[in-house]
S.K.: 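Sharing a structure with you now.
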Amino acid sequence: MDVPFWIWAVTIAAIVGMLVFDFVGHVRTPHAPSLKEAATWSAVYVGIAVVFGLLVLWFGGATPGSEYFAGYITEKSLSVDNLFVFVLIMASFGVPRIAQQKVLLFGITFALVLRTIFILVGAAAIENFSWVFWIFGGILIYTAWVQARSGGHNGDEAYEENAVLRLVRRVVPTTEEHHDDKMTVKLQGKRYITPLAIALIAIGTADIIFAVDSIPAIFGLTQDTYLVFAANAFSLLGLRQLFFLIDGLLDRLVYLAYGLAVILAFIGAKLVIHAMHTNELSWLNGGEHITAIPEIPTWLSLVVILVTLLVTTVASLRHDRKVRERRRARDAAAAPADPSAVAAPAAPATAREAVEDDGARAGDDPDAERVGPVAGR
């Protein structure tokens with residue numbers, strides 16, 4: 001799809017404008033968003049992404065439109081999986097709930113800049129070296145295998161600091177405690193960074209790893225640089241609100257990792273098939289194209305992605321419902337025969353519920369600070 005420069009300029013200006021609005025309208029004044037606020041703004045950002053896709057469909061045609069929607073849905077799904085890591089980071093660094101919005105927005109902005117660079121590099125590589133499709137396909141298939149083997153995330157996970165964070169801690173003076181929502185603070189005439197800044201660096205460095213499967217995945221659905229950029233940008237916008245909206249559901253999506261593994265493996269296979277059709281490697285088939293297997297059409301990719309996510313979500317929620325029913329039945333069977341006896345409270349099913357229980361017990365203390373959600377399935 002041939003996109004004129006002015007459309008690029010308008011799109012980038014709109015995205016920057018939404019980020020600025022997000023900061024001024026929501027993050028500048030620290031607060032923990034309510035469920036209603038998170039749901040409303042999540043719907044707004046999804047609505048904007050859908051309207052953009054309809055405009056692509058209207059002016060660009062069915063193929064670019066379906067490529068955008070397939071890319072957007074895939075990137076959004078991968079972003080939801082990334083939220084598990086964000087949850088771990090927030091909990092590990094004890095980020096106060098009222099400050100989590102700020103860390104997320106700054107992290108998302110950094111991710112958008114970083115992915116734009118990766119997209120431009122990837123587009124240039126594809127333009128000049130057709131064998132890049134072999135590499136992208138291999139990365140996705142390997143990532144799918146790792147994803148399926150790991151089974152996703154569990155409540156016993158703890159975030160481990162990477163080499164970048166350890167280097168920052170050694171080089172830059174860091175406080176042990178938070179100072180409201182400040183990234184840096186001056187103590188006794190010396191400037192320190194706070195755990196909030198460390199959490200932001202952790203999210204930023206984590207997104208470098210996320211981009212390794214995210215960028216090849218979107219290029220497996222469309223090689224149009226504009227659509228790749230737009231799908232990535234719109235999937236990241238609203239991720240902050242989505243974090244607060246579905247943090248209670250993350251524990252229940254027990255099969256999400258397997259669903260994403262299927263999607264990544266499918267796109268990886270699609271890339272390998274495309275690499276065969278554009279083969280120019282002299283040592284493979286004499287440098288001739290390999291067309292024995294037909295290329296996978298975009299409409300089929302979109303159907304596979306949607307069906308996989310639907311099955312994954314329904315299966316996860318059914319599994320969660322059965323687990324909760326068994327737990328209630330077990331608690332009822334273990335109830336004491338003497339009605340005057342007080343039963344001990346049931347153990348929380350997940351680390352998140354444990355945090356919520358602690359928060360409820362601390363309700364009498366107005367100064368008690370609630371730490372963000374803890375990941376677990």
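Since we're looking at a predicted model, the values are computed, not measured. When a residue number appears, it is its place in the shown sequence, counting from 1.
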S.K.: Determine the sole option in Arg318, Lys322, Arg324 for which the side-chain hydrogen bond (donor to acceptor under 3.5 Å, both in side chains) test with Asp320 is passed.
M.R.: Arg324
S.K.: In terms of ring plane angle, is the pair Tyr68 and Phe234 parallel, tilted or perpendicular, where the classes change at 30° and 60°?
M.R.: perpendicular
S.K.: Are Glu37 and Thr40 packed together at the side-chain level, in the sense that at least one heavy-atom pair is separated by less than 4.5 angstrom?
M.R.: no
S.K.: Report the C-alpha distance between Ile7 and Tyr226 in whole Å, list the side-chain angles of each, state the deciding distance to 0.1 Å, and finish with yes or no for side chain to side chain contact (heavy atoms under 4.5 Å, CB included).
M.R.: CA-CA 10 Å; Ile7 292 182; Tyr226 178 74; 3.4 Å; yes
S.K.: Whether the side chain of Ser214 engages the backbone of Phe210 through a donor-acceptor N/O pair (distance < 3.5 Å, no angle test) should be reported.
M.R.: no
S.K.: List the atom of Ile15, the atom of Phe229, and the distance in Å for their closest heavy-atom pair.
M.R.: CD1-CE2, 3.7 Å
S.K.: Roughly how far, to the nearest 0.5 Å, is the CD atom of Glu288 from the CG atom of Leu281?
M.R.: 12.0 Å
S.K.: Could you check if a side-chain atom of Ile305 sits within less than 4.5 angstrom of a side-chain atom of Leu221, using non-hydrogen atoms only?
M.R.: yes
S.K.: Indicate yes or no for a side-chain donor-acceptor contact from Thr194 to the backbone of Tyr192 under 3.5 Å, with no hydrogens or angles considered.
M.R.: no
S.K.: Where the side chain of Glu280 meets the backbone of Trp131, is there a donor-acceptor pair that is under 3.5 Å apart?
M.R.: no
S.K.: What's the verdict on ring-ring contact (aromatic ring centres under 6.0 Å, His included) for Phe21 and Trp41, showing C-alpha distance, side-chain angles and the deciding distance?
M.R.: CA-CA 12 Å; Phe21 171 78; Trp41 285 105; 5.4 Å; yes
S.K.: Would you find a donor on one side and an acceptor on the other, under 3.5 Å apart, between the side chain of Thr313 and the backbone of Leu310?
M.R.: no
S.K.: As an exercise, state the distance from CD of Gln241 to CG of Leu104, rounded to the nearest 0.5 Å.
M.R.: 9.5 Å
S.K.: Can you confirm whether Thr312 sits close enough to Leu260 that some side-chain heavy atom of one is under 4.5 Å from a side-chain heavy atom of the other?
M.R.: no
S.K.: Under 3.5 Å, is there a donor on one side chain and an acceptor on the other for Thr222 and Glu67?
M.R.: yes
S.K.: For Leu284, does its backbone N or O pair with a side-chain atom of Asn279 as donor and acceptor, under 3.5 Å?
M.R.: yes
S.K.: Count I, L, V, M, F, W, Y as connected when their side-chain heavy atoms are under 4.5 Å apart, and connections chain through other members. Are Val311 and Ile73 then in the same cluster?
M.R.: yes
S.K.: For Leu264 and Ala144, work out which heavy atoms get closest and say how close.
M.R.: CB-CB, 3.9 Å
S.K.: For a quick test of reading the model, state the closest non-hydrogen atom pair linking Ile203 to Gly107 and the distance between them.
M.R.: CG2-CA, 4.0 Å
S.K.: Determine, for Asp331 against Arg327, whether the closest basic-nitrogen to carboxylate-oxygen distance falls under 4.0 angstrom.
M.R.: no
S.K.: If hydrophobic clusters are built from ILVMFWY residues whose side chains come within less than 4.5 Å, do Phe106 and Val24 share one?
M.R.: yes
S.K.: To the nearest 0.5 Å, what is the distance between CD1 on Ile267 and CZ on Phe136?
M.R.: 13.0 Å
S.K.: Find the distance between CD1 (Ile201) and CZ (Phe110) and round it off to the nearest 0.5 Å.
M.R.: 9.5 Å
S.K.: How far apart are the closest heavy atoms of Gly220 and Lys270, and which atoms are they?
M.R.: O-NZ, 3.0 Å
S.K.: Using side chain to side chain contact (heavy atoms under 4.5 Å, CB included), reason through Ile263 and Leu78 one step at a time and then give a plain yes or no.
M.R.: CA-CA 10 Å; Ile263 292 172; Leu78 291 171; over 6 Å; no
S.K.: Any heavy-atom pair between the side chains of Leu19 and Leu112 that's under 4.5 Å?
M.R.: yes
S.K.: Hey, what do you get for OG1 (Thr184) to NZ (Lys182), rounding to the nearest 0.5 Å?
M.R.: 8.5 Å
S.K.: Before you tell me yes or no, could you show the steps for Val272 and Ile141 under side chain to side chain contact (heavy atoms under 4.5 Å, CB included), namely the whole-Å CA-CA distance, both residues' side-chain angles and the distance that decides it to 0.1 Å?
M.R.: CA-CA 10 Å; Val272 170; Ile141 292 173; 4.1 Å; yes
S.K.: Would you check, one step at a time, whether the test ring-ring contact (aromatic ring centres under 6.0 Å, His included) holds for Phe86 with Phe243?
M.R.: CA-CA 9 Å; Phe86 292 170; Phe243 176 87; 7.3 Å; no
S.K.: In a table with atom names and distances, give each donor-acceptor pair under 3.5 Å that connects a side chain of residues 289-300 to protein atoms at least two apart or in another chain.
M.R.:
residue : atom : partner : partner atom : Å
His289  : ND1  : His277  : O            : 3.0
Glu295  : OE1  : His274  : ND1          : 2.9
Glu295  : OE2  : His274  : ND1          : 3.3

S.K.: Identify the heavy atoms of Val304 and Thr308 that sit nearest to each other, and give their distance.
M.R.: O-OG1, 2.6 Å
S.K.: Are Trp8 and Leu120 grouped together when hydrophobic residues (ILVMFWY) are joined by side-chain heavy atoms under 4.5 angstrom apart?
M.R.: no
S.K.: Should Leu227 and Val3 be marked as a side chain to side chain contact (heavy atoms under 4.5 Å, CB included) after you check the CA-CA gap, both sets of side-chain angles, and the distance that decides it?
M.R.: CA-CA 10 Å; Leu227 294 180; Val3 179; over 6 Å; no
S.K.: Do Val51 and Ile48 share a hydrophobic cluster, counting only Ile, Leu, Val, Met, Phe, Trp and Tyr and linking them when any side-chain heavy atoms are less than 4.5 Å apart?
M.R.: no
S.K.: If we only count heavy atoms from C-beta on, is the Tyr45 to Leu239 side-chain gap below 4.5 Å?
M.R.: no
S.K.: Does the side chain of Phe118 come within less than 4.5 Å of Asn232's, by heavy atoms?
M.R.: no
S.K.: Do Met276 and Trp134 touch side chain to side chain, with heavy atoms closer than 4.5 Å?
M.R.: yes
S.K.: Got a second to check how far Ser316's OG is from Leu309's CG, nearest 0.5 Å?
M.R.: 10.5 Å
S.K.: Taking the side chain as every heavy atom from C-beta outward, state whether Ile198 and Ile193 have any atom pair closer than 4.5 Å.
M.R.: yes
S.K.: Taking all non-hydrogen atoms of both residues into account, name the closest pair between Ser42 and Gly238 and its distance.
M.R.: OG-O, 4.4 Å
